[in-house]
Amino acid sequence: MTVWGGQPPSALCAWVVLLLLVVSGEPYRSPYDQEQDQNRDRDSETTDPRTDPRKDPRTNTRVYHRDVSEVRGKDCRRCCDPGEQPPPHYSNPHYPQQYPQYQAVPQINITILKGEKGDSGQRGPYGKSGKSGQSGPRGPNGLRGTKGSIGTPGEPCKAQYAAFSVGRKKAIHSNDYYQTLVFDTELVNLYGHFNMFTGKFYCYVPGVYYFSLNVHTWNQKETYVHVMHNEREVVILYAQPSDRSIMQSQSLMLELEREDQVWVRLFKGERENAIFSDDFDTYITFNGHLIKPKSEG
């Protein structure tokens, strides 16, 4: 017994079983496969059934033939998301993958088209100043410049002076009290700072002064005098009794303030002391002068 197509019933049963296996074992269909099926359905609407090899001309229905080995050999895996390009092994062999068409773009040597150099643009604003670098080594000395013009005359220097030099021609002997040595000869008395009546120098210009005292001793008598600063004994001039008379001197420097006094005092008569002179020559002298005013610092 034969059926349609001249095939025996056993062969027909085998095809039915194979069709069931194919339908029941259909693998996971991705969105891309579904889209391909829709495209094939649209193509079938415009394709003549008589010329379409995928349709049965007697029933006008699509015939799907799948290889069982192909179905079983495929794994169920994620191929792509909507909008992504599917892998090559999921593409339908009947519908080749549409690759983008590449267009050759000619390469132009831009140096050939280079024009003339344009005008210089405006200078941009200055940038921020950077950090200061380390100081470099000192350079060589430059050439000496020309001599400048003479300046205007300055104010006259206000110099201050003070000086005196006085002497005595008369001899003097000690008494029961202290005696101020008074001088009778005025050699130099600048601005009258030395008072000849009191025998004292009065300071009107504060500063540093130099003083000196010279006397002639008496034979067999003691010479004992002090140089006084105000009421204070500063230095002593002393000579022991001797068979012959000699010249004796003393000098010092003092820092004086205004209205200070400097003078010479003869010691009182506890001892027999005296200063020699012959009323003709000057044997006794007292000198002093300003070295540096206090105003000059």
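These numbers were taken from a predicted model, which means no experiment stands behind them.
- Residues satisfying the side-chain hydrogen bond (donor to acceptor under 3.5 Å, both in side chains) test with Asn195, not counting sequence neighbours, are none.
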task: Report the C-alpha separation of Val208 and Leu290 in whole Å, then their side-chain angles, then the decisive distance to 0.1 Å, and conclude whether the side-chain contact (heavy atoms from CB on, under 4.5 Å) test is met.
output: CA-CA 6 Å; Val208 178; Leu290 175 66; 5.7 Å; no
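- Few gaps surround CD on Glu257; more than 12 heavy atoms of other groups in view lie less than 6.0 Å from it.
- No side-chain donor-acceptor contact under 3.5 Å links Asn175 to the backbone of Tyr178.
- In terms of hydrophobic clustering, with Ile, Leu, Val, Met, Phe, Trp and Tyr side chains grouped at heavy-atom distances under 4.5 Å, Tyr204 and Met196 are assigned to different clusters.
- Side-chain atoms of Thr217 come within 3.5 Å of backbone atoms of Ile246 as a donor-acceptor pair (strictly under, hydrogens ignored).
- Note on Trp263 and Val205: separate hydrophobic clusters, where clusters join Ile, Leu, Val, Met, Phe, Trp and Tyr whose side-chain heavy atoms are under 4.5 Å apart, directly or indirectly.
- His173 has its ring centre less than 6.0 Å from the ring centre of Trp218.
- Minimum interatomic distance between Ile284 and Lys170 (heavy atoms only, all atoms of both residues): CD1-O, 4.2 Å.
- Annotation: side-chain contact (heavy atoms from CB on, under 4.5 Å) contacts of Ser295 (sequence neighbours excluded): Gln160, Pro293.
- Of the residues Thr223, Leu181, Ile172, the one that meets the side chain to side chain contact (heavy atoms under 4.5 Å, CB included) test with Leu266 is Ile172.
- Every side-chain hydrogen bond (donor to acceptor under 3.5 Å, both in side chains) that Asp243 has, sequence neighbours left out, goes to Gln220.
- In terms of hydrophobic clustering, with Ile, Leu, Val, Met, Phe, Trp and Tyr side chains grouped at heavy-atom distances under 4.5 Å, Phe201 and Val234 are assigned to a common cluster.
- By the 4.0 Å N-to-carboxylate-O rule, Lys294 lies too far from Glu255 to be salt-bridged with it.
- Each of Leu213, Asn214, Val215 was evaluated against Gln248; a single residue qualifies, Val215, per the side chain to side chain contact (heavy atoms under 4.5 Å, CB included) test.
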message: Show, in sequence, the C-alpha distance, side-chain angles and deciding distance for Phe194 and Tyr202, and conclude whether the ring-ring contact (aromatic ring centres under 6.0 Å, His included) test is met.
response: CA-CA 6 Å; Phe194 189 90; Tyr202 295 89; 8.5 Å; no
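- Linking Ile, Leu, Val, Met, Phe, Trp and Tyr whenever their side-chain heavy atoms come within less than 4.5 Å leaves Phe267 and Val235 in two separate clusters.
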- request: Could you check Phe164 against Phe286 for ring-ring contact (aromatic ring centres under 6.0 Å, His included), going step by step and ending with a plain yes or no?
  value: CA-CA 8 Å; Phe164 72 93; Phe286 184 38; 5.3 Å; yes
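- Ring planes of His216 and Phe276: tilted class, angle from 30 to 60°.
- In this structure, the separation between CD on Gln179 and OG on Ser174 is 7.0 Å, given to the nearest 0.5 Å.
- Distance check, rounded to the nearest 0.5 Å: CD1 of Ile275 to OG of Ser245 gives 13.0 Å.
- Expressed to the nearest 0.5 Å, how far CG of Asn287 lies from CG of Leu187 amounts to 7.5 Å.
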task: Given side-chain contact (heavy atoms from CB on, under 4.5 Å), test Thr185 with Lys169 step by step and report yes or no.
output: CA-CA 8 Å; Thr185 303; Lys169 294 182 179 181; 3.9 Å; yes
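- Atom-to-atom distance recorded for His193:NE2 and Tyr161:OH is 13.5 Å, nearest 0.5 angstrom.
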message: I'd like to know whether Val166 forms a side-chain contact (heavy atoms from CB on, under 4.5 Å) with Thr285, so could you lay out the CA-CA distance, the side-chain angles of the two residues, the decisive distance to 0.1 Å, and finally the verdict.
response: CA-CA 6 Å; Val166 292; Thr285 58; over 6 Å; no
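- In this pair, His226 and Tyr224 present their aromatic rings tilted. The plane angle is within the 30 to 60° band.
- Met228 and Val262 are assigned to two separate hydrophobic clusters, defined by single-linkage of ILVMFWY side chains at heavy-atom distances under 4.5 Å.
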